[in-house]
Amino acid sequence: MGRRRTWQGVGALGAGIASLATWDLLQRKHTILRRYPVIGHLRYLLEIVRPELQQYFIERDWDGRPYDRDTRSLVYERAKGVNEEKPFGTELDVNRVGHEHLVHTTTPLETPDEPARVQVGGPDCTRPYSMALLNVSAMSFGSLSANAIRALNKGAALGGFAHDTGEGGLSPYHEEHGGDLVWEIGTGYFGARTADGDFDPATFRATAAKDQVKMVSLKLSQGAKPGVGGVLPASKVTAEIARTRQVPAGEKCVSPSAHRVFSTPTELVEFVARMRELAGGKPAGIKLCVGSRVDVLAVCKAVLEVGTAPDFVIVDGAEGGTGAAPLEFEDHVGMPLTQGLMTVHNALVGTGLRDRVRVGASGKIAGGSDIVKRLAQGADYTNAARAMMMAAGCIQAQRCHTDRCPSGVATQNPWRARALDVADKSERVHRYQRSTVDEAMRLMAAMGVSGPEELTPAHLRRTVSPTDSRSYAELYEWLAPGELLDDAPQGWAADWRLASADRFGPLAAGS
C-alpha cells in the first residue's frame, strides 16, 4: 500500500513537471524558459533571493551598500542596548585614499552629563525650538506603515528629539504618542491643500497651531530624486491615507515636480516668512538637495533684499533616500551631502546670514562619528531616516517600493505591518538615538571640544594619498563672515555675479 502511494506521488510529480515544461515551451514571454524549460525557473528564484544571499553570505562586513554590515550591526546593537564593542582592531584600510578620521587631543575632556542641543529660530521667530543633535528625518505615512510611524514618534517622545512627518501630511499616527513634530509640506501640499492642489492657508494655520508641531518645513527637493515629484501607487492610497493627504482614495497620488507657491528666490523667501506667520511664530525653513551653487546664492540674495530669512535649512545629500526613486536620479543627480552642506554653510557665512539660520544635515547619518563629521563640515544638527528605520526593525531588504516589506516598516499591508510591535520598537528607536548622540558627545570630548560650536573643519582629515592626509580646512575654501558682500573671492565671484534674487539659474561654469 505504501509503495503504491509512493509511485502515485512520483507519477503526480512527473505529470506536474511535464505540464510545467509544456507551458514553458509554449509561452512566449520568457526566452529563458522557452530555451530551458523547468530548470529556467531557478534563475528567477535566485533573482528573488539575491539581496538576501548578497547581504548575508557574500558581502564583507565593511563594503556592503547602501549600508555595510558593520553599520547595520551598530544600529541594531544600540537599538537593543547590547554591547557594541568590536575586538581585534579596525577592518578598514586606513591608508586608502578618501579615508577620513577625526583629530583627537592629548588632553581630552570629560563627556558632559547632558548632550548638547541647538536653538532653532532666527530674529523673526517668536517660538524657537530646542533641537537634538540627531532626529528622525522626513518619512511620510504612506511610505511607512502606521505602526512604523507610531514607533518612531513614541521613540521621539521618549527621547526628546524631533520627528519630521515627511511631505505625506500629518496623520493621526504622528499625534498618537505626542512626540515633537516638524511638519513638512512639499509640492503636493498634502494636509494643507485645496481641492485643485493649491496651498490652503486656513488648513495650514489650523494644523500648524497644534502644540505638538514645533517647526514647519517647505520641501524643495529630496536627495533620492531631486527635481522629480514623488508617486504613491493607487494600491497604497487607502482611505486613511487619502484623508491624511486630502486626495481621492484608490487613485495614484503624484507630487508635482515644482511648487506653485513660488517661482523666484524672492517669492520663496516671502512664502517661508508667510509659513512662519501662519504657524504663530514657530520656526519655518526649507529642505533641499543642492544642485547649483548659483541657486543657493540666489536665495541668500533674496534674503538680503526681503529682510527676513528661513529659520533653518535642511540639506539632503544625494546619497539619501528611504523609499524608491528612478535609478538615474539616485545615481547621477544632486550634490552629495558633504558638498551640498559646505556650499550652504559657506554661502550663509559669506553673506553674513549664518548666525540667523540653523543648518541641518540629512543623508546616511548612522553613527556618532557621522554626526561629528557633519558638524565639522558646517551643520548644527543632523537627521537620520534609514538608520531610524533599522532601529525600528528594517533589515535593508530593499522591498520598500513593493509593499512587501518583511519587517512591517515600509508597507501598507495590515498583515505585514502587524508584525511591528510599537512598544518594543519605540524603545529601540529611543535607545538608538540616545546611544548615538552620547557617542557623538564622547567623540567630541576626545577631540578636546566641549560642544558642537567648537568644532571646525580642522578637526576632520581626509587621506589624499598613501603618504599624506589633509584637514578639511586645507582641502576646501572657507569664506569669512560677509566676504561675498565685500569682495567675492575668485572661486565664488562668477557664481555670485550670476545669482539673482529674481530668478533661479542660469548655471555658471563650475557651479
Side-chain angles (χ1 to χ4, degrees), residues 117-122 124-132 135-195 198-219 239-247 261 271-287 310-312 314 358 360 381 383 385 388 422 426 429-430 433:
R117 298 185 72 90
V118 180
Q119 192 85 340
V120 181
D124 298 315
C125 172
T126 58
R127 300 171 67 180
Y129 176 66
S130 177
M131 180 73 74
N135 307 277
V136 181
S137 194
M139 294 180 283
S140 301
F141 171 54
S143 296
L144 300 191
S145 68
N147 277 356
I149 296 294
R150 287 183 174 114
L152 291 170
N153 192 256
K154 187 175 181 181
L158 291 170
F161 52 94
H163 177 192
D164 193 312
T165 65
E167 67 172 309
L170 199 160
S171 73
Y173 308 111
H174 287 101
E175 301 183 77
E176 196 168 308
H177 294 289
D180 291 350
L181 293 174
V182 178
W183 181 29
E184 179 184 280
I185 61 171
T187 55
Y189 310 117
F190 301 127
R193 60 187 265 135
T194 62
D198 278 324
F199 176 73
D200 183 353
T203 306
F204 179 85
R205 185 195 297 270
T207 302
K210 295 182 178 183
D211 184 63
Q212 195 176 343
V213 175
K214 303 301 182 183
M215 306 200 310
V216 291
S217 176
L218 183 69
K219 172 188 158 184
E240 59 181 351
I241 290 174
R243 285 193 299 271
T244 298
R245 298 196 177 202
Q246 299 173 314
V247 298
V261 294
F271 183 75
V272 173
R274 187 184 183 200
M275 288 174 60
R276 181 169 51 227
E277 179 185 0
L278 291 170
K282 295 176 182 179
I286 60 176
K287 169 190 169 181
D311 296 296
F312 61 90
I314 300 171
R358 296 301 185 201
Y381 63 92
N383 294 334
M388 292 291 184
V422 174
S426 60
V429 169
H430 172 212
Q433 191 272 351

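On a predicted model such as this, the values are computed, not experimentally measured, just so you know.
- Residues that satisfy the side-chain contact (heavy atoms from CB on, under 4.5 Å) test with E277, not counting sequence neighbours, are absent from this structure.
- In this structure, the side chains of I185 and L218 come closer than 4.5 Å at one or more pairs of heavy atoms.
- Contact of the R243 side chain with the P172 side chain is not registered, since no non-hydrogen atoms from C-beta on lie closer than 4.5 Å.
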**Message:** Go through it in stages, so that I can follow the logic: the residues are F161 and M388, the test is side chain to side chain contact (heavy atoms under 4.5 Å, CB included), and I'd like the CA-CA distance, side-chain angles, deciding distance and then a yes or no.
**Reply:** CA-CA 12 Å; F161 52 94; M388 292 291 184; 4.2 Å; yes
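- Across all non-hydrogen atoms, the minimal contact from G142 to R245 is CA-NH2, 4.3 Å.
- Between S171 and I149 the shortest heavy-atom distance is OG-CG2, 4.4 Å.
- The two atoms that bring T244 and G168 nearest to each other are CG2-O, 3.5 Å, heavy atoms only.
- Interatomic distance, I286 CD1 to K219 NZ, rounded to the nearest 0.5 Å: 13.5 Å.
- With rounding to the nearest 0.5 angstrom, the CG atom of L181 is 10.5 Å from the CG atom of D211.
- When all heavy atoms of A162 and M131 are compared, the closest pair comes out as CB-SD, 3.9 Å.
- When atom types are taken as modelled, the side chain of R358 and the backbone of V120 share no donor-acceptor pair closer than 3.5 angstrom.
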**Message:** Could you go through L170 and E175, starting from their C-alpha distance and side-chain angles, then the distance that decides it, and tell me whether this counts as side chain to side chain contact (heavy atoms under 4.5 Å, CB included)?
**Reply:** CA-CA 8 Å; L170 199 160; E175 301 183 77; 3.3 Å; yes
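- Side chain of S426 to backbone of V422: a donor-acceptor contact under 3.5 angstrom is found.
- Taking both residues in full, the closest heavy atoms of H163 and A156 are given as CB-CB, 4.1 Å, listed atom of the first, atom of the second, then distance.
- How far CD1 of I314 is from CE of M215: 6.0 Å, rounded to the nearest 0.5 Å.
- In this structure, F271 has its ring center under 6.0 Å from that of F199.
- Counting only distance, with no hydrogens or angles, the side chain of S140 and the backbone of S143 share no donor-acceptor pair below 3.5 Å.
- Looking only at distances, no side-chain donor or acceptor of Q246 sits under 3.5 Å from a matching main-chain atom of A195.
- Between the side chain of Y189 and the backbone N or O of V261 there is at least one donor-acceptor pair closer than 3.5 Å.
- To the nearest 0.5 Å, the span separating CG on L278 from CG on D200 amounts to 10.0 Å.
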**Request:** Would you please test Q212 and N153 for side chain to side chain contact (heavy atoms under 4.5 Å, CB included) and show each step?
**Result:** CA-CA 11 Å; Q212 195 176 343; N153 192 256; 3.5 Å; yes
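- Closest non-hydrogen pair, D164 versus A138, comes out as OD1-CB, 3.4 Å.
- For the pair D311 (side chain) and A284 (backbone), a donor-acceptor distance under 3.5 Å is present.
- Note: L152 CG to Q433 CD = 12.0 Å, rounded to the nearest 0.5 Å.
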**Message:** Run D180 and Y129 through side chain to side chain contact (heavy atoms under 4.5 Å, CB included) and show every step you take.
**Reply:** CA-CA 10 Å; D180 291 350; Y129 176 66; 2.7 Å; yes
**Asked** Does the pair R150 and E176 meet the rule for a salt bridge (charged side-chain N to carboxylate O under 4.0 Å, His left out), with working shown?
**Response** CA-CA 7 Å; R150 287 183 174 114; E176 196 168 308; 3.0 Å; yes
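- For the atom pair CE of M275 and NZ of K282, the computed distance is 12.0 Å after rounding to the nearest 0.5 Å.
- Although no hydrogens or angles enter the test, the distance criterion places no donor-acceptor pair under 3.5 Å between the side chain of E167 and the main chain of E184.
- For the pair R276 (side chain) and C125 (backbone), a donor-acceptor distance under 3.5 Å is absent.
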